[in-house]
Amino acid sequence: MKKTLFTLSILGSILGFAQETKDNKETKEKEIEGVVITKTKKAVEQKADRTIFDFSEQPSLNSGSLMEGVKKLPGLVVSDMVGMMYQGKPLDVYMDGRPLNISSNELNAFLEGMPANSVERIEIITQPGAEFPATSGGAILNIITSKSAKNYLTAVYNGGYRFSSYDKYRSRFNNSIALNSRNKWFGWQVNLGQYYRESLSLSELDALTRNHSNSLGRTYYMNSAFTFELGKDRLLLNYDINHNNGNADVTSDNFLNNTSTSNYTNNNGLRQEVAATYQKKFEDKNKKLDFKAIYTNSDSEFNQFGAQSLNNSSLFNLYNFRIDYSQPLKILDEGKMSFGGLYDQQNFETKNGGLINLDYTRQTTSAYLEFQATLKKFDFIAGARAENYDITGITRFYDKGILNESNLNPFKKFKVFPNASVQYNVMKQLFINVNYNKKITLPSVSLLNPNNNTLITETVTSSGNPNLQPTIFDNAEIKISAFDYAYIGYNTSWVKDQIVQKVSRENNVIKNEQVQVNSIRTHNFNFGMPIPFMLFTTPFSELMKFNVNPDKMNLLYVYTGYQVQEMPDIKTKGFWIFSLMGQFILPKDIRLQANYNVIPKGGNFYYFQIEKPLNNAFDLTISKKFMADRLNLSLYARDIFNQNKSVIVANSLDGKVFTSNKFDSRSFGITVNYKIPTKNKLAKEDPNMIKTTNQSDSNGGILQQGQ
């Protein structure tokens, strides 16, 4: 451990010089009479409770779809088997501070249908405090989509094209434009875009069946924001709309009787969200009072025609109101108190044909109180959140022509969720953090949906489970971090009623379902370290004099993680996660970035065993800026060696089920970002209007609505 601390200390000292200026955390551009002063954003910024990844200036992340960019984040794993985790923690997905309330296939389609270059940054909140709902689970992934606005009118265009070539050429392209304007009465921002994608999917199940799926998807979206200055106070209004529609032609081969069947699927989804925030301002800028209200409506439909027929739909409505207050207090050297309340109601209805087969209602009422204090080199956080849950529902189904109706298992409980954190600042840019929190995860509407919303055949069935209960987590973590980039940590969780995916085989039918495991213990080890190449070519005495910027130097970033889950009914092995990122600054300020990610074979994830390396891909991105950095052009290649394939074995009491999935992951593309110049050279930069600040100043300025 002493050697590790010594190494981290040296590297922290070397790169610490790049962060002497406080404003390095944000990009600010000021134009006066043709003179441009630019400060560059940090690619990765690590804080006590979160890690921030900048997308706006990283071509390797912002080319292609948002899902592709998310998969490149060190320590973050996304796959059909694993789901979405960061450093071993399951993630809830938020957008601009508001939960998406979607998961599984709906979440994948949502992220796949959003261009990565429409995202400014992603924040992964690894230690949600009492100000966040106890339902935030292990960690939060917050997607910040908005851009900063200038006075008068500005515009930014993003576009891209990508193709793959397997059995035939398939194309993907996206276009979007962001408009920002302000006058003396109000300001507004609008982001309009579309995404078109063609894709291939090949899957095989237990030497029983093989599917060839050729799909097409279209996404159209608009994010808008309006802000009104009411004296010292401010009113913000947001309206977002996202429409997805797609179809797929699927050929299924049955190996048992040597037959083939064809099916056609079609899905449509419309998601709308309206939010209002009133911010009361005080003479003391550290004192805040926010009132927030949000309404979300999501309507989706899935149809299948051919050998099997389906007509499924769902309707989701959310009503949310929140009050947050914070003010400084004299606690030890300095401190802050925060408290607030939340009311949240969700209604979810699903139909199978003309039958309402699930009518689900969830009400949550909560309040929290949290204190933060500093004493010399120590930072303390302690708080608690009290939540009252009232979850009820009715399910209906036909059995031999007779309609059966029954009540879901109700969940009516009052629970208190404490949290505590102690951070010791060993030296500048080097600290040790110990954290404990209790959390709960409520089943998403996607998992509760009893209707199938993916392809079914005569050999494969899939459905949700309306009887799933909430999952309770007790989380503990210790972490050592240095200069915002390097860290080593261990966290463990005691989990009750964990929801897991289970695949089993009954005779000649593959069954895919969601089940709950009564008690699970998880262990996660994580390590991340940047290795600047100049360490090997420059004397240490010279390095100490050099004002380096880690985002502008040649380096290799190494991440590794290890996770093991202790299951009550099967013996499991842990699995490793490896990620390498090489950054090379070439002549003419051309940037080359190489990424390699892999999960080696041999480990287990709950009931799944990894038979071949998972998420195994090597990517290259080359980028160059032109026209005073207003035009950014990137060329990229994904999964160059065509190795990204999922081969896993599902364990069950009935035996093992072999599964194999391959997508058209090898592809090539181009991305264009153009900032249309404004005629007003003296335009001052305004705060973002699609989001606002949370209680914590360390949150990167997100609007925490509807949590």
Side-chain angles (χ1 to χ4, degrees), residues 77-83 104-105 108 166-167 199-215 248-265 302 304 306-310 447 450-465 499-517 565 567 569-573 575 599-616 642-665:
V77 177
V78 181
S79 76
D80 295 334
M81 180 193 74
V82 174
S104 301
N105 295 321
N108 292 341
Y166 282 74
D167 54 334
S199 58
L200 169 70
S201 173
L202 303 170
S203 63
E204 185 174 333
L205 293 173
D206 218 31
L208 183 64
T209 183
R210 178 175 56 204
N211 293 330
H212 180 284
S213 176
N214 190 38
S215 55
D249 291 301
V250 185
T251 301
S252 301
D253 298 324
N254 190 321
F255 297 143
L256 296 179
N257 52 25
N258 293 321
T259 60
S260 294
T261 57
S262 296
N263 286 278
Y264 175 81
T265 66
F302 178 83
Q304 179 175 326
Q308 302 284 334
S309 297
L310 288 174
L447 300 180
N451 294 329
N452 178 80
N453 56 6
T454 59
L455 176 80
I456 66 168
T457 67
E458 59 182 358
T459 55
V460 179
T461 65
S462 179
S463 65
N465 183 354
I499 300 174
V500 299
Q501 182 183 9
K502 193 171 185 179
V503 177
S504 59
R505 178 172 177 173
E506 297 180 4
N507 298 320
N508 294 325
V509 176
I510 304 295
K511 187 178 181 180
N512 184 12
E513 58 184 338
Q514 303 292 332
V515 300
Q516 288 193 284
V517 181
Q565 297 139 348
M567 302 282 289
D569 51 350
I570 62 172
K571 186 176 181 180
T572 59
K573 297 180 180 179
F575 63 89
I599 300 178
K601 68 176 183 178
N604 293 88
F605 184 80
Y606 297 118
Y607 290 113
F608 297 99
Q609 180 178 330
I610 305 171
E611 288 294 294
K612 290 187 177 181
L614 190 67
N615 285 1
N616 187 13
N642 200 30
Q643 294 177 311
N644 196 348
K645 185 177 183 180
S646 172
V647 180
I648 60 177
V649 171
N651 298 301
S652 69
L653 296 177
D654 299 322
K656 297 184 176 182
V657 179
F658 172 87
T659 68
S660 173
N661 293 277
K662 181 72 179 82
F663 299 90
D664 54 340
S665 53

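A quick note: this is a predicted structure, and the numbers were derived from the prediction, not measured.
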State whether the side chain of N263 and the backbone N or O of A307 hold a donor-acceptor pair below 3.5 Å, judged by distance alone. yes
Atom of S201, atom of F663 and distance for their closest heavy-atom approach: OG-CE2, 3.6 Å
Surrounding NZ of K612 (heavy atoms of other residues, nucleotides or ligands, distance under 6.0 Å), is the total greater than 12? no
Any luck finding a side-chain donor-acceptor pair between S252 and N211 under 3.5 Å? yes
Here the pair of heavy atoms bringing S660 nearest to K645 is OG-CE, 3.2 Å
If I take atom OG1 from residue T459 and atom CG from residue L256, how far apart are they, to the nearest 0.5 angstrom? 8.0 Å
Nearest heavy-atom approach of V500 to Y607 is CG2-CE1, 3.6 Å
H212 and D167 have their tightest heavy-atom pair at NE2-OD2, 3.4 Å
Least distance between heavy atoms, I648 atom then F608 atom: CD1-CD2, 3.5 Å
Distance-minimising heavy-atom pair for L208 and N508: CD2-O, 3.3 Å
Start with the C-alpha distance between S199 and S215, add both sets of side-chain angles, then the distance that settles side chain to side chain donor-acceptor pair (under 3.5 Å), and finish with yes or no. CA-CA 5 Å; S199 58; S215 55; 2.7 Å; yes
Under the side-chain contact (heavy atoms from CB on, under 4.5 Å) rule, what do I510 and T461 come out as? Steps first, then yes or no, please. CA-CA 6 Å; I510 304 295; T461 65; over 6 Å; no
When rounded to the nearest 0.5 angstrom, what distance separates CG in L202 from CG in N214? 10.0 Å
Between atom CD of Q609 and atom CZ of F658, what is the distance when rounded to the nearest 0.5 Å? 12.0 Å
Which one of N651, I610, I570 satisfies the side chain to side chain contact (heavy atoms under 4.5 Å, CB included) criterion with N604? N651
Interatomic distance, CD@E513 vs NZ@K502, rounded to 0.5 Å, equals 7.0 Å
Okay, side chain of Q565, backbone of Y606: is any donor-acceptor separation there less than 3.5 Å? yes
Atom CG of N254 and atom OG1 of T209: how far apart are they, to the nearest 0.5 Å? 6.0 Å
Would you give the length of the straight line joining atom OG of S462 to atom CG of N512, rounded to the nearest 0.5 angstrom? 4.0 Å
Return yes if some donor-acceptor pair links the side-chain N/O of N465 with the main-chain N/O of Q514 below 3.5 Å, else return no. yes
Could you check whether N642 and K662, counting side-chain N and O atoms only, form a donor-acceptor pair closer than 3.5 Å? yes
Would you say that Y264 contacts V250 through its side chain, given a criterion of any heavy-atom pair below 4.5 Å between the two side chains? no
Please report the C-alpha distance between R505 and D206 in whole Å, then the side-chain angles of each, then the deciding distance to 0.1 Å, and finally whether the side-chain contact (heavy atoms from CB on, under 4.5 Å) criterion is met. CA-CA 9 Å; R505 178 172 177 173; D206 218 31; 2.7 Å; yes
Donor-acceptor contact present, side-chain N616 to main-chain N644, <3.5 Å: no
May I ask you to check whether S260 and D253 show a side-chain donor-acceptor distance below 3.5 Å? yes
